[in-house]
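These notes are about the structure you will find just below.
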Amino acid sequence: MIIVSLLEYYRFKNLRRFGIKVKIKNDFIELMPEDLERFSKENQAIALKINGEIKDLFYISSLNGSEEIEIITSQSKEGLEILRHSVAHIMAHAVKDLFPEVKVTIGPAIEDGFYYDFDRDIPFTEEDLQKIEKRMHEIVKSKQPFIRKEISKDEAIKLFESLGESYKIEILKEIEDQKVSIYEEGGFIDLCRGPHIPHTGMVKAFKLLSVAGAYWRGDERNKMLQRIYGTAFSTKEELQDYLNFLEEVKKRDHRRLGKQLKLFEITEEVGPGLIIWLPNGAIVRKIIEDFWKDEHLKAGYQLLYTPHIARLDLWKKSGHLDFYRDNMYSPMEIDQISYQIKPMNCPFHIQAYKSELRSYRELPLRFAELGTVYRYERSGVLHGLLRVRGFTQDDAHIFCTEEQLEEEIQKVLDFTIFILSTFGFNDYDIYISTRPEKYVGSLENWENATFALEEALKKRNLPYQIDPGEGVFYGPKIDIKIKDVLNRSWQCSTIQVDFNIPERFDIKYRGKDGKEHRPIMIHRALMGSLERFMGVLIEHYAGAFPIWLAPIQIEVMSISEKHVNYAKKVYDHLVFNGFRAKLNIENEKIGYKIRQAILNKVPYIVIVGEKEIKNNTITVRKRDGENLESIDFEKLIEILMKDIKDKK
RNA sequence: GCCACCGUAGCUCAGCGGGUAGAGCAGCUGAUUUGUAAUCAGCGGGUCGGGGGUUCGAAUCCCUUCGGUGGCUCCA
């Protein structure tokens with residue numbers, strides 16, 4: 001990792017040369033030990049990379065000149081992680097100072113900061129966090145050095161026994177090495193692999209954010225600990241930027257915008273995790289559904305509609321009752337027969353496949369459905385539109401031969417990317433999940449299918465990562481996470497190969513050879529579920545839907561009552577041309593009406609008054625405040641039509 | 001499901017060392033006839049999430065239940 005600027009490089013080029021090779025950008029320079037020390041100090045080094053291994057900064061004194069050195073500062077990803085980890089220690093130190101009865105457990109750096117889990121019977125309050133933060137500032141100010149010691153495991157156990165830190169002992173007992181490292185800073189000792197910053201004074205910007213429950217070792221059978229989350233950055237500005245980012249996230253929260261823009265509602269009376277789509281949300285959904293259906297027909301899919309409930313036996317046969325019972329609702333009795341509300345669409349699509357004898361000539365057969373399913377989710381996991389109990393999957397099942405598998409997957413990938421990019425998602429994290437411990441189907445099947453998934457991604461030049469053992473029991477899968485404008489990842493699309501269901505339902509096709517063969521099934525959802533996708537879209541667009549999706553595309557407003565008739569005429573014309581328009585002839589000042597429309601995030605505002613009537617024009621104001629000159633009505637229609645066609 | 005916090009008018013929130021409720025916005029009515037992010041005035045609206053308890057008296061204290069929020073676990 002390169003952390004020093006070129007300017008500094010040239011400055012240091014004049015320094016005395018010695019055996020220690022220091023990597024700067026992609027070059028190496030050689031420095032005298034004392035120059036290196038000065039160099040690292042001036043660059044706010046917090047650690048060193050010695051021959052590729054990250055070490056504490058004090059190792060600088062033990063270099064013999066043959067090493068390759070990189071200087072790690074908190075500007076780099078690795079450095080920031082070290083910094084945050086050190087701040088976690090400082091937090092634990094502060095907590096122990098203030099609440100000596102607390103037992104410490106673990107405290108790593110994470111994506112956006114760090115946390116530390118504590119065992120304490122009394123919960124931490126907001127005031128406690130403030131006190132802890134205050135104490136942390138004191139520790140930072142006193143510039144306590146982080147001191148690393150290597151001791152034997154037995155010694156460490158004795159040490160932590162004397163400190164009463166039973167969780168540390170539990171961790172120690174599972175460490176295989178006989179030697180462990182501990183770090184001490186201002187009297188606070190923690191079992192830790194390191195590395196750490198040289199001293200606490202190097203912490204420039206941190207903040208404690210929240211308290212939450214967390215199970216010891218993440219196992220819900222274990223004791224619930226108290227986790228304090230915090231974050232740290234290399235400068236105050238960066239911390240402030242991050243806090244601003246959190247504010248922005250809050251502003252875009254789809255639950256808040258959903259209420260404000262009257263898109264959807266979740267009420268206690270209906271039940272948790274169940275969505276009422278209000279007119280504004282419903283129209284957006286309808287447009288997405290229409291788009292989805294049209295594109296599926298173009299892509300060679302056939303549409304299906306299937307029921308919401310089916311005989312329980314169907315779910316026994318599909319295996320869902322065995323594998324998925326915990327997420328299924330209780331069955332209901334109808335005429336002494338048990339029926340089940342559907343958690344999946346696949347068994348129905350299988351029935352459609354089985355509705356006639358199939359020939360290899362028909363394959364691949366692609367069945368698509370916006371299928372609403374109901375799944376039990378534990379109450380604590382529900383979250384707005386993103387995690388619900390009733391949702392509509394943009395589901396499809398492709399039945400194909402083994403030879404067709406790879407091509408079909410490629411087609412699905414292309415299709416997925418087309419659909420996602422239409423909504424402005426052009427950045428993806430792609431994962432292939434491979435065979436888990438518990439699986440069905442032959443090893444050969446798995447290998448072939450996994451290979452097909454990989455090949456498809458390679459041929460499309462899509463970078464991906466492997467998630468080993470994370471596949472579903474019935475087959476490997478590709479998961480695509482999209483990144484929104486704030487660069488947050490959302491799991492939506494999934495492409496899964498299924499060896500299980502075709503087998504269980506004994507579906508077949510007649511091959512060229514006249515014999516019966518079993519088709520392979522691909523199960524895929526592009527948007528995942530309409531609910532989740534809409535939630536992501538709302539946050540992605542911050543509620544300001546592009547014109548092709550906007551619930552109201554144009555709001556026509558009159559300056560005063562005198563202009564109502566003309567406004568009506570304009571409005572009627574817009575509606576006649578198929579636009580979703582709103583007429584605002586309220587007896588209010590124009591500024592007020594504009595404010596309302598902007599708060600409702602209407603993309604186009606049309607204003608008509610004396611001037612417009614006289615010239616037979618309209619004045620257009622865009623959502624972002626840009627004013628189009630008074631223009632001809634037909635000109636507006638032209639602009640709008642083009643934007644809608646381009647899905648802007 | 002677990003831990004913590006929260007639940008007052010349609011919305012956002014104030015009131016909470018106990019004495020049966022307020023504001024702004026929204027809604028309705030009227031005045032105003034308006035030129036690019038809030039014209040003025042009046043009116044209506046809540047058994048303070050539900051249930052139970054303590055008390056002469058509970059939005060306020062306690063218990064319980066439902067729901068929400070942040071996490072943990074889970075996400076076939």
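Chain A is the first sequence line, chain B the second, and so forth, proteins listed ahead of strands; every chain is numbered from 1.
Nucleotides U65(B) and C74(B), compared at atom C1', are 25 Å apart to the nearest Å. Distance noted for atom P between C48(B) and A9(B): 10 Å (whole Å).
Side-chain atoms of Arg255(A) lie closest to U69(B) of the nucleotides G1(B), U39(B), U69(B). Closest contact between the side chain of Val381(A) and the listed nucleotides C2(B), G70(B), C74(B) involves C74(B). Here the side chain of Ile559(A) is nearest to one of G35(B), A37(B), G1(B), namely G35(B). Nearest to the side-chain atoms of Tyr592(A) among the listed nucleotides A38(B), G35(B), C72(B) stands A38(B). The side chain of Pro272(A) lies closest to G67(B) when the candidates are G67(B), G70(B), G1(B).
Note that Arg84(A) lies in the cation-pi zone of Phe233(A), set by a 6.0 Å cut-off to the ring centre and a 45° limit from the axis.
Taking 4.5 Å as the limit, every side-chain heavy atom of Val497(A) sits out of range of all side-chain heavy atoms of Thr450(A).
Using N1 to N3 plus N6-O4 or O6-N4 for Watson-Crick, or N1-O2 and O6-N3 for G-U wobble, each under 3.5 Å, G24(B) pairs with C11(B). C2(B) is paired with G71(B) under the criterion used here, namely a Watson-Crick or G-U wobble arrangement in which both key atom distances are under 3.5 Å. As the counterpart of U39(B), A31(B) is assigned, both hydrogen-bonding distances of the Watson-Crick or G-U wobble pattern falling under 3.5 Å. Remark: G17(B) base-pairs with no nucleotide; criterion is Watson-Crick or G-U wobble with both hydrogen-bond distances under 3.5 Å.
In this structure, Glu377(A) reaches neither bases nor backbone, as no heavy-atom distance under 4.0 Å exists between it and the strands shown. The residue Thr267(A) sits apart from the nucleic acid: no heavy atom pair falls under 4.0 Å. Residue Asp326(A) is classed as having no contact, given no heavy-atom separation below 4.0 Å to the nucleic acid.
For a distance-only test at 3.5 Å, the side chain of Arg227(A) fails to qualify as a donor-acceptor partner of the base of C72(B).
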| task | Assign a letter to each nucleotide of nucleotides 3-14 of chain B from its 5' end: B, base within under 4.0 Å of a protein heavy atom; S, sugar-phosphate only; -, no contact. | result | BS------SS--
Ignoring hydrogens and angles, write down the donor-acceptor pairs under 3.5 Å from the side chains of residues 596-613 of chain A, residues two or more places apart or on other chains.
residue	atom	partner	partner atom	Å
Asn600(A)	ND2	Gln596(A)	O	3.2
Tyr604(A)	OH	Asp643(A)	OD2	2.9
Glu610(A)	OE2	His563(A)	NE2	3.1
Glu612(A)	OE1	Gly609(A)	N	2.8
Glu612(A)	OE2	Thr619(A)	OG1	2.4

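Nearest-nucleotide positions on RNA chain B place Glu610(A) closer to the 5' end than the other of Glu610(A) and Arg378(A).
Relative orientation of the Tyr374(A) and His308(A) rings is tilted, given thresholds of 30° and 60° on the angle between their planes.
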